[in-house]
Amino acid sequence: MNRIIAICLVLITSLLNAQNLKIKDFKIVDYEITDTGIVEISTHSIIDKQGNLVVYSDSWDGQNYFKYKLSNDEIEKLNSLTGRKLDDFIKQKKLNENQFFAGKRKYISFKHKGSDSSLCFIEPFMNDEFADILKLLDKKIYSHDKTAKTTIMLTDFEMTKKEIINREKTDHYLPKKAIIRQVK
């Protein structure tokens with residue numbers, strides 16, 4: 001009987017000390033838009049109800065899914081996104097003179113207290129606070145840890161593509177991808 005009480009106390013303590021994720025339906029996506037207007041997704045990450053970052057990646061090692069448990073500190077940092085509008089994390093909307101961008105665009109979305117937040121962005125346009133949050137996610141998204149591989153998860157890529165196309169109409173200031181050609 002004492003053992004059962006001890007186990008219950010440990011579980012209750014764990015639950016009380018666990019950081020709650022304030023955001024719902026979180027997703028962050030790396031994508032490109034072709035010349036014909038088709039959205040191509042290379043990574044699609046969500047956070048499930050258990051606080052796991054579930055990552056789809058179409059990369060150098062093929063199409064894979066990974067699952068990473070987020071720490072309380074990581075969840076706390078993600079919760080800081082709810083303190084203001086996502087647009088407030090933008091530090092600039094134009095590349096500096098003689099600066100080009102050859103990376104992928106990103107899309108982030110989540111729900112908080114009944115309202116939807118979303119943004120299409122490139123990393124150089126975002127402030128340091130947002131960049132820190134992005135770095136903690138990127139460490140997991142791009143790590144391709146073999147021990148974190150998981151089975152295929154149901155992901156509605158078509159819905160995400162529609163969301164991106166709609167949001168791109170608002171975030172129309174994003175630069176076109178620079179194509180770097182090597183001259184011989």
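Side chains are part of it too, since the values below use all heavy atoms of this structure and drop only hydrogens, waters and symmetry mates. None of these values were measured; they are calculated from a predicted model.
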Applying a strict under-4.5 Å side-chain criterion to I, L, V, M, F, W and Y, I'd like to know whether I122 and F100 cluster together.
no

Which pair of heavy atoms, one from [X] and one from [Y], lies closest together, and at what distance?
{"X": "K22", "Y": "N79", "result": "N-OD1, 2.7 Å"}
{"X": "L86", "Y": "M126", "result": "O-CE, 4.5 Å"}
{"X": "T43", "Y": "I41", "result": "O-CG2, 3.4 Å"}
{"X": "C120", "Y": "Y173", "result": "O-OH, 4.0 Å"}
{"X": "I23", "Y": "L78", "result": "CD1-O, 4.2 Å"}

Find the distance between [atom1] ([X]) and [atom2] ([Y]) and round it off to the nearest 0.5 Å.
{"X": "I90", "Y": "K85", "atom1": "CD1", "atom2": "NZ", "value": "10.0 Å"}
{"X": "S45", "Y": "F26", "atom1": "OG", "atom2": "CZ", "value": "8.0 Å"}
{"X": "N166", "Y": "D171", "atom1": "CG", "atom2": "CG", "value": "11.5 Å"}
{"X": "L137", "Y": "I108", "atom1": "CG", "atom2": "CD1", "value": "7.5 Å"}
{"X": "F157", "Y": "I164", "atom1": "CZ", "atom2": "CD1", "value": "10.5 Å"}
{"X": "I46", "Y": "K49", "atom1": "CD1", "atom2": "NZ", "value": "10.5 Å"}

Under 3.5 Å, is there a donor-acceptor pair between the side chain of [X] and the main chain of [Y]?
{"X": "N52", "Y": "K67", "answer": "no"}
{"X": "N96", "Y": "Q99", "answer": "no"}
{"X": "K69", "Y": "Q50", "answer": "yes"}
{"X": "E168", "Y": "I165", "answer": "no"}
{"X": "R105", "Y": "I33", "answer": "no"}
{"X": "N127", "Y": "E129", "answer": "yes"}

Is any side-chain heavy atom of [X] less than 4.5 Å from a side-chain heavy atom of [Y]?
{"X": "L119", "Y": "F125", "answer": "no"}
{"X": "L134", "Y": "L136", "answer": "no"}
{"X": "Y107", "Y": "E163", "answer": "yes"}
{"X": "F101", "Y": "P124", "answer": "yes"}

With sequence neighbours left out, write down each residue that passes ring pair (Phe, Tyr, Trp, His ring centres under 6.0 Å) with F89, or none if nothing qualifies.
F130

Taking only Lys NZ, Arg NE, NH1 and NH2, and the carboxylate oxygens of Asp or Glu, determine whether [X] and [Y] approach each other closer than 4.0 Å.
{"X": "D116", "Y": "K27", "result": "no"}
{"X": "E74", "Y": "K77", "result": "no"}
{"X": "K106", "Y": "D30", "result": "yes"}

Test side chain to side chain donor-acceptor pair (under 3.5 Å) on S143 and Y68 and set out the steps.
CA-CA 10 Å; S143 73; Y68 305 96; 3.0 Å; yes

Which one of T155, T160, D58 satisfies the side-chain hydrogen bond (donor to acceptor under 3.5 Å, both in side chains) criterion with H44?
T160

Regarding H112 and S117, do their side chains bring together a donor and an acceptor under 3.5 Å, going by distance alone?
no

Pair H144-S57, side-chain contact (heavy atoms from CB on, under 4.5 Å): steps then yes or no
CA-CA 8 Å; H144 292 235; S57 176; 3.1 Å; yes

For a side-chain contact (heavy atoms from CB on, under 4.5 Å) check, start with the C-alpha distance between Y56 and Q63, then their side-chain angles and the critical distance, and finish with the verdict.
CA-CA 7 Å; Y56 160 80; Q63 296 178 344; 3.4 Å; yes

E97 meets the salt bridge (Lys or Arg N to Asp or Glu O under 4.0 Å) criterion, sequence neighbours left out, with none

Residues in side-chain contact (heavy atoms from CB on, under 4.5 Å) with T147, at least two apart?
D145

How about K91: does its NZ atom have over 12 heavy atoms from other parts shown lying under 6.0 Å from it?
yes

Evaluation steps, side-chain contact (heavy atoms from CB on, under 4.5 Å), between I28 and F110
CA-CA 9 Å; I28 189 159; F110 59 86; over 6 Å; no

Any chance you could lay out the side-chain contact (heavy atoms from CB on, under 4.5 Å) test for L70 and I47, step after step, and finish with the verdict?
CA-CA 9 Å; L70 295 174; I47 298 177; 3.7 Å; yes

